[in-house]
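As the structure lists them, so they are numbered: ligands from 1, and atoms in each ligand from 1.
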Amino acid sequence: MDNQSPERISLHDKYFRKHIAFEEIALRTAGIARQIQADYADKAPVFLVILNGAFFFASELFRNLSIAGAEISFVKIASYSGTSSTGKMKQLIGLDTRITGRHIVILEDIVDSGLTVHELSHDLQESGAASVSIASMILKPDALKYPVEVAYAAFRTPNDFLVGFGLDYDQLGRLYRDIYIAE
Ligand code: 5GP
Ligand code: MG
């Protein structure tokens, strides 16, 4: 076992145990990539990655995609503090890509209440996007409070707090290659 993949970790005041192995994440993400490849092959989409959490998921997805005219852009949004949603969104790095008339695929790490992707989709539609869809590594169906449709989700999980593979607990834990669950 290497340092990147222990069975149990501690971050700040909490313990977490291994929950989803990288190999499973890679497999499911490749499955989503196949669907996106088929759906967007002739649409020259803009992939909009929500920083920081979604960048591991996004890069794994991009390794499996090859779409002519596709672009990648980033926004940085925070709605979480510690292990719970604040219910308010802060856009920390804004959108710098022209999206009028473009097909947008939002890439998110976790859709929890749905607030983040709901507000972002709304903004993109207001700005004249031709279409907006959502791909999320994880969907927590029981936590959904906003009317969002997640077209592509690698995993559906209960409302447990997860870290690893880009996901943090107050900035710690992003670098683990597997996903861990709070004990
Ligand atoms: P929402 O706006 O859907 O309520 O919250 C989505 C954001 O909350 C995600 O982008 C993610 O950063 C964060 N989040 C939700 N659940 C978890 C979780 O279990 N672990 C971590 N690390 N972040 C989460
Ligand atoms: Mg996030």
Side-chain angles (χ1 to χ4, degrees), residues 4-22 24-25 28-29 32 46-62 72-95 104-126 132-183:
Q4 273 283 76
S5 196
E7 288 302 318
R8 193 166 184 253
I9 58 175
S10 77
L11 304 170
H12 299 298
D13 56 343
K14 288 189 193 306
Y15 285 93
F16 300 81
R17 67 189 140 74
K18 198 188 282 191
H19 187 54
I20 306 174
F22 169 74
E24 183 69 13
I25 302 169
R28 297 281 188 103
T29 305
I32 286 183
V46 176
F47 293 100
L48 191 56
V49 184
I50 303 184
L51 296 172
N52 295 327
F55 79 98
F56 273 60
F57 168 59
S59 76
E60 191 59 31
L61 191 77
F62 295 151
I72 299 172
S73 193
F74 299 89
V75 287
K76 183 162 179 168
I77 297 174
S79 73
Y80 251 59
S81 173
T83 61
S84 63
S85 187
T86 60
K88 286 192 216 101
M89 270 188 29
K90 267 195 294 189
Q91 191 140 330
L92 307 170
I93 297 178
L95 193 59
I104 315 291
V105 183
I106 296 172
L107 301 184
E108 174 63 306
D109 52 3
I110 300 189
V111 173
D112 187 67
S113 74
L115 173 67
T116 308
V117 289
H118 182 259
E119 300 235 321
L120 185 58
S121 314
H122 180 262
D123 289 353
L124 293 166
Q125 260 141 9
E126 294 255 291
V132 180
S133 74
I134 299 162
S136 185
M137 178 165 72
I138 290 162
L139 173 63
K140 294 182 177 173
D142 302 336
L144 265 186
K145 287 196 204 122
Y146 294 83
V148 297
E149 194 192 318
V150 179
Y152 312 96
F155 298 95
R156 284 172 172 72
T157 69
N159 294 346
D160 301 299
F161 189 73
L162 306 171
V163 296
F165 201 69
L167 305 169
D168 73 306
Y169 172 38
D170 278 344
Q171 300 312 323
L172 296 185
R174 293 193 200 276
L175 279 171
Y176 291 100
R177 70 197 293 276
D178 308 296
I179 291 177
Y180 290 76
I181 186 167
E183 286 184 344

Ligand 1 to Gly114, heavy atom cutoff 4.0 Å, flagged ligand atoms 1 (P), 3 (O), 4 (O)
In ligand 1, the atoms that come under 4.0 Å of a heavy atom of Lys140 are 16 (N), 17 (C), 18 (C), 19 (O)
Separation between NZ (Lys14) and CD (Glu183), nearest 0.5 Å, reads 11.0 Å
* Has ligand 1 got any nitrogen or oxygen that is less than 3.5 angstrom from a nitrogen or oxygen of Tyr169? -> no
Is it the case that ligand 1 has an N or O less than 3.5 angstrom from some N or O of Val163?
no
Query raised in the report: Does any N or O atom in Leu167 lie less than 3.5 angstrom from one in ligand 1, N or O only?
Result: no
dist Phe57:CZ -> Ile110:CD1 (nearest 0.5 Å) comes out at 11.0 Å
Atoms of ligand 1 under 4.0 Å from any heavy atom of Asp168, numbered from 1 in the order shown, are 21 (C), 22 (N)
For Thr116, the ligand 1 atoms with a heavy-atom partner under 4.0 Å come out as 1 (P), 2 (O), 5 (O), 6 (C)
If you compare Asp160, Ile110, Asn159 by their heavy atoms, the one closest to atom 7 (C) of ligand 1 turns out to be Ile110
From the list Val150, Ile134, Thr157, side-chain contact (heavy atoms from CB on, under 4.5 Å) partner of Leu139 resolves to Val150
| query | Hey, does Ile9 have a side-chain heavy atom less than 4.5 Å from the side chain of Tyr169? | reply | no
* Asked: Are any of the side-chain heavy atoms of Leu120 and Glu108 separated by less than 4.5 Å?
  -> no
Atom 21 (C) of ligand 1: of Leu144, Asp109, Leu162, the nearest heavy atom sits on Leu162
N/O donor-acceptor pair under 3.5 Å between Tyr176 side chain and Lys18 backbone: no
A student checking ligand 1 against Glu108 at a 4.0 Å heavy-atom cut-off should list atoms 9 (C), 10 (O)
Checklist entry - Relative to the ring of Phe165, is the ring of Phe56 parallel (under 30°), tilted (30 to 60°) or perpendicular (over 60°)? => result perpendicular
